[in-house]
Amino acid sequence: MKTALRVFAILCLLIAAGVWVATRTPSSPFDGRPASAEISIEKGAYAARLADCVACHTAEGGAPFAGGLAMAVPMLGAIYSTNITSDKLTGVGDWTLAEFDNAVRRGVGRDGRRLYPAMPYPSYAKMDDAEVEQLYAYFTRHVDPVAAPNRPSEIPAPMNTRWPLAFWNAVFSPDKPYTPDTSKSDAWNRGAYLVQGPGHCGSCHTPRGVAMQEQSLDESSDAYLSGALLDGWYAPSLRGDPGIGLADWSEDDIVAYLRDGRNRHGVVFGSMLEAFNNSTQFMTDADLSAMAVYLKSLGPSSQNRRTIVTYDRADILRPADDAGAWIYATRCATCHGADGKGRAPSIPPLAGVSSMLADSPESAINVTLNGGGRLVKGGLPDLYRMPQMRASLTDAEIAQVLTYARGAWGNTGGAVDPKKVRELRNTTDPASSEVIILQMR
Amino acid sequence: MKLIVNGEQHELDIEQDAPLLWVIREELGLTGTKYGCGLAQCGACTVLVDGMAVRSCVTPVSSVDGASITTIEAVEQDEVGARVVEAWVRHQVPQCGYCQSGQVMAATALFKQNMNPDETDVQVAMTNYCRCGTYNAISEAIASIKEA
Amino acid sequence: MTGHQPLQPRALVMSRRGLLGGMGALALGVALSPRISLAQATGQAPADTPNPLEAILELRPDGTVFLQMPYVEGGQATSTAMAQLVGEELDLDPAMFTVECAPPLPAYVVPGTRRTTGGSSSVRRSYMPMRKLGATARAMLIQAAAARLAVPGAELATEPGRVIHPSSGRSLGYGELARAAAELPVPATPELRSPEQFRWIGKPVARIDGRDKSTGRTRYSIDVSMEGMLLASVKHAPRLGMQVRRLLNEDAVRAMRGVHSVHALAGCVAVVADRWWRANRAVEALQVEWSEAAEPGRFVMRADFSTAKAREEMRTADGPRYNAEDIGDAEGVLAAADKVVEAVYDVPFVSHAQIEPPSATASWNDAEGTLEIWLPNQAPDRFIKMISDASGIDPSKITLHSPTLGGFFGRHFVYPHSSPFPQAVALTRAVGRPVKLIWSREQEFLRDAPRPLGMARMRASIGADGMPTALKIEAVCDSLVASMGAAREAADPTAVEGLAERVYQFKNRKVDHIAYRYPVVVGALRSVGHSLNDFFMESFVDEMADAGGIDPLEWRRRMVSDSARHLALLDHVVEMSGGWRRGPYTAGDGTKRARGIAMASPFGSETATIAEVSIRDGEVQVHDIWTVIDPGRIVNPTSVRMQMQGGTALGLSLLLSEGLEFEHGKAVARNYDGYPMMAPYRMPRVHVGIIESGAEMGGVGEIGVPGGMSAAANAVARLSGERPRSLPLSKTRFAAGA
Ligand code: FES
Ligand code: FES
């Protein structure tokens, strides 16, 4: 009896503590502190570019930052990004800096409700106070107010209960900003800050654990940025993995990729195209170099197969002997070349690139089915884009041609299953041929 | 940038990523090479780059810097090209004719590599669309070149 | 344009008075030799000079002929046929002809012909008029020679290009006689050759444009160049009816290299630049805020329009209903019948997808108030009126050139919002320089007028003998003629052609057109209604035959038993294909195959077609097509064969892979990648048979479309056991057959 009572008492305590954790508004360094008066629009805009706020908080054809972009949560339904314009009623116009900070770095809304981690606050948690203040100033003072009520999520009860996220946060989200490693260079530290913090590269490139958390949020584990599958795209390793990672990329290659959207190894596509169009191209060369320094310091991951790529022209199959080779010759070779070398930097090679080497064929399938979106640099649209093949090739044909390309020229990506093609055909849409430029103001 | 087209060298002040098709048509005024889709789908823009068929609409001009480019205007100066043209005329291939510059260039590239192509070689080389549907006549013309 | 004055203008031009006997008041100019003096005076080659004499037929001093025909050449080999017809009677080798489309002026009207190129009508309509034209010129040359040689005309004859006096062995070239001939009175009734004497008509004369087209020398609209010309590209509103509200980055775009100016026009934005690719990239970069159409209208595209939804609605759509054919008592017989077959078929919108994208080069001369314009079009006189109406410029101040078309298939007819000329005219006026506007392929896909989305709801009753006793068809689709501006409270003939008035002898039959309106400007595609209706009809014929347990060839024989012409067609195609075997059977290469048969009667011609197919990995492979055409009489067997093969290719492409879908009011496909046409390697061998039955001449250009596709569909049904009722077939994976 006594024991039972004790257990009951402990349970009560735990629940009380739990309720406290789940509903309390966390503290912010800005609590009770007014926002600084003078933060220039340029500074704010740069912070918003670093964090790529526009990509999620602007709906297609909608006003900048008015929210409403649908994001599918696997197996649950859609959630909609929120209005972060300066509108006082529906946006963040009359939020305090502390309230704003709690949303950005701790995933807690103004009403104490937990945000879905579609908002990358576990990464943003690493942002420093100054960055947060710049964002705050930008959205509350420089972005025009747009009255657009937030759209409730379409996740049905009871899955829509959000307080358990507080526990998720307690376990998976860091609680303090990035701390520099004094043993490393300034550039390395700046790069680490950008990659881990506002750049939130790990959101796509770090594999997730059972609770959908990123397996690591910094270089302490070699799972960090070791490549991951998300939304039908395989985001390759950003570590020193050969082939599927950046082992063969120089720092200049990385800078060029993030600044121009293309380099001798490839052209941005899929989700990276959006990150490029809206974010990385706006970063300063110094910041891009810093990111390159940091990324190049990450060794290969023990989680990845060692993919040693040697370009081999001799092992390609003859079109007469292989259906995949035949399709490649008739549909792909005109741009990517019979030798798989493409016409870099305008048209990417297929020999030795991550999508043709990774175990996950998703990116290769997705871009083949749906084509590439439009790369826009400095307002200037690309002249060359990947056509979609979903209308002209069957699932089996796409599987055949990718099996061929992932095995030709020394590629070791492995065969592609038509069922996987079918699956992605049904869950993805063709990329738009329209030039989409998301304006920030 | 230096461009060698039909044996003539041209010095051009042009963007690195300008499509070869438009450089040929607009800078050099050679309009025999046609625009159909700009997306490597139709083949109307096919030219030869060092003897190989290339869809010029998806060829950044910088990527052919220094290469030798042949357009339909000079195809008859090539021995193989001249044979292809003769076969095209003899077999009455063209209808509207708009796709035919590209078809002739594709066939020329095919035969420059191999005077006796098999069925697969032909299928792989002759992928240009013809909305008029001259495919049977193209096959006949190609067969006649093989036999010749 | 008018810089060159002929030295003796009036004397050399034949008057525009009655020229061809018995055809009423005529407006025809035939200049026989203006260019001797012209060429000498200007030092220019005759071909470079304009044609101030408004001559339809111009015999040049070198003995060649420049013919300005009423039609537009776009691949049909009409220009070669005209050279054959005129050359036959003029006695001049067709190879000596240069043929172009005449300007849209009354002076160029050849009586008996039309100025619209379409309906597979050019050659058959001009068969006699063009021959008379040639015969007239020949008679005048003979007369001139008679005077020169001082012998009676009756003693003279001609051989190609020369008038000869056989008894003396003297002869004169046409070139030498042209000038004198031009001054003679025009004979009222020139004598025509009898068909047994034909050297060029009915013979496989080589295309006169074959070499130019094999060497890139033919100039299309897109190749036009003018002094001081700028280039333009547009971006259309995503949905028809929307207008430009605001440009967000106009300054940035104007600052791009080569950009001359940025323009907001009706329903689109345009960038004018020094190069087209720069204009195009700039206009793509232009950020536009569009506003919805102020009010709903016939062609205001609704944001909620989708082909999937339209198809659903069409299944049950009930009106407005217009009857097209009603013979006997189809409803009554069907109601009382024991055995009824029913089927619903549908086909999608399809694009013209001609490889030359639309363009327009316009040059506005402000001082003189004149406009010169090059425009792909298949009806110059209708277009000049449209241009005048749209621009307010008097037709007499407009010079319209109609160059060779890089394919058209019905694309360049008068559909609202589908021609680039209004934009080009607005731009040349705005910038004060000539402007060549080219629609990118993406912009063309947004404004092409597709072939209508269509559906047929079919019901038939089968009698005890297995043959049908009644047939009722409801054709559900928009009205094409209404789309082109003709308000109509009746069945649209293009909606029911191929369904109504078929040769099959149904005692009770009823065909209704249910006009289902969609907010899409639809257009005529090669073979028009036949491109869908023959597929519906010939598929259902096989379904009726199968239901009655009758072989489909036998069924067709019985249903055309009164017509020797049709029986002969069937016999011919069966013989050509090596005897009728429906299959399935195993071919030499081990594949399972089957054959299908179909008849069609498009544009006054009759066809019967057999197709052989197999199925590989669920996909249809068409191996051979045997098709026989009886157009009554022909002018050029090679052209006929090529047109049949080309038409068959288009039809098979519609069968196998084409379809333009709309979602949220927008066409999903914006380029060929989203709109797959049949890949070249899938083209079957098409064997063409020609019967000249002597019947009234029918068309050729569009005739090949329906037969092959319908026969192949029947073969697929036979082989797979699944009846294809919804196109394209690429939507379905077929079983390889038992
Ligand atoms: S224009 Fe180059 S392939 Fe179509
Ligand atoms: S000849 Fe007309 S598109 Fe090929």
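If you're wondering where the values come from, they're calculated on a predicted model, not measured in any experiment. Every chain is numbered from 1 and lettered A, B, ... according to where its sequence line falls, protein lines coming before strand lines. Values reported hereafter were calculated over all heavy atoms of this structure, with side chains retained and with hydrogens, waters and symmetry mates removed.
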If we define contacts as heavy-atom pairs under 4.5 Å, which of [options] has the most with chain B?
| options | value |
| --- | --- |
| C:Arg219, C:Glu444, C:Glu442, C:Arg281 | C:Arg281 |
| C:Thr404, C:Val686, C:Thr218 | C:Val686 |
| C:Gly704, C:Pro680, C:Gly406 | C:Pro680 |
| C:Ala679, C:Ala649, C:Ser225, C:Ala353 | C:Ala353 |
| C:Gln76, C:Gln643, C:Arg217 | C:Gln643 |
| C:Arg278, C:Gln354, C:Met678, C:Glu73 | C:Arg278 |

Measuring heavy-atom distances to chain C, does [X] have an atom under 4.5 Å in its side chain, in its backbone, in both, or in neither?
| X | result |
| --- | --- |
| B:Val75 | neither |
| B:Ala18 | both |
| B:Thr127 | backbone |
| B:Glu76 | side chain |

Out of [options], which one racks up the most heavy-atom pairs below 4.5 Å with chain C?
| options | value |
| --- | --- |
| B:Gln100, B:Met126, B:Met105, B:Lys34 | B:Lys34 |
| B:Glu86, B:Glu73, B:Gln123 | B:Glu86 |
| B:Gln41, B:Arg25, B:Gln92 | B:Gln92 |
| B:Tyr98, B:Tyr129, B:Trp88 | B:Tyr98 |
| B:Ala137, B:Cys96, B:Gly133 | B:Cys96 |
| B:Ser139, B:Cys132, B:Gly32, B:Ala40 | B:Cys132 |

Distance, nearest 0.5 Å, that separates [atom1] of [X] from [atom2] of [Y]:
| X | Y | atom1 | atom2 | answer |
| --- | --- | --- | --- | --- |
| C:Lys213 | B:Gln103 | NZ | CD | 14.0 Å |
| C:Arg641 | B:Asn136 | CZ | CG | 8.5 Å |
| C:Tyr220 | B:Thr31 | OH | OG1 | 10.5 Å |
| B:Glu26 | C:Asp274 | CD | CG | 8.0 Å |
| B:Trp22 | C:Asn280 | CH2 | CG | 8.0 Å |
| B:Ile72 | C:Thr215 | CD1 | OG1 | 6.5 Å |

Is it the case that the side chain of [X] and the backbone of [Y] share a donor-acceptor pair, with hydrogens and angles ignored and the cut-off at 3.5 Å?
| X | Y | value |
| --- | --- | --- |
| B:Arg131 | C:Gly407 | no |
| B:Gln95 | C:Gly646 | no |
| C:Arg441 | B:Gly38 | no |

Which of C:Arg682, C:Met683, C:Arg685 passes side-chain contact (heavy atoms from CB on, under 4.5 Å) with B:Tyr135? It is C:Met683
Do other residues, nucleotides or ligands put more than 12 heavy atoms under 6.0 Å from the [atom1] atom of [X]?
| X | atom1 | result |
| --- | --- | --- |
| C:Glu227 | CD | no |
| B:Gln113 | CD | yes |
| B:Glu11 | CD | yes |

query = Taking side chain as C-beta onward, heavy atoms only, is C:Arg207 less than 4.5 Å from B:Val93?
reply = no
Could you list the donor-acceptor pairs under 3.5 angstrom formed between side-chain atoms of residues 42-51 of chain B and any protein atom two or more places apart in sequence or on another chain?
| residue | atom | partner | partner atom | Å |
| --- | --- | --- | --- | --- |
| B:Thr46 | OG1 | B:Gly43 | O | 2.6 |
| B:Thr46 | OG1 | B:Asn128 | ND2 | 3.3 |
| B:Asp50 | OD1 | B:Ser68 | N | 2.9 |

Which atoms of [X] approach chain B - backbone, side chain, both or neither, heavy atom under 4.5 Å:
| X | result |
| --- | --- |
| C:Leu405 | backbone |
| C:Ala77 | neither |
| C:Thr638 | side chain |
| C:Ser653 | side chain |
| C:Arg211 | both |
| C:Pro684 | backbone |
| C:Phe408 | neither |
| C:Asn671 | side chain |
| C:Leu652 | neither |

With a 4.0 Å cut-off, would you call C:Arg257 and B:Glu15 a salt bridge?
yes
>> Which label fits C:Trp276 and B:Tyr35: parallel for a plane angle under 30°, tilted from 30 to 60°, or perpendicular past 60°?
In response: tilted
In terms of heavy-atom contacts, C:Gly210 and B:Pro94 come closest through O-CG, 3.8 Å
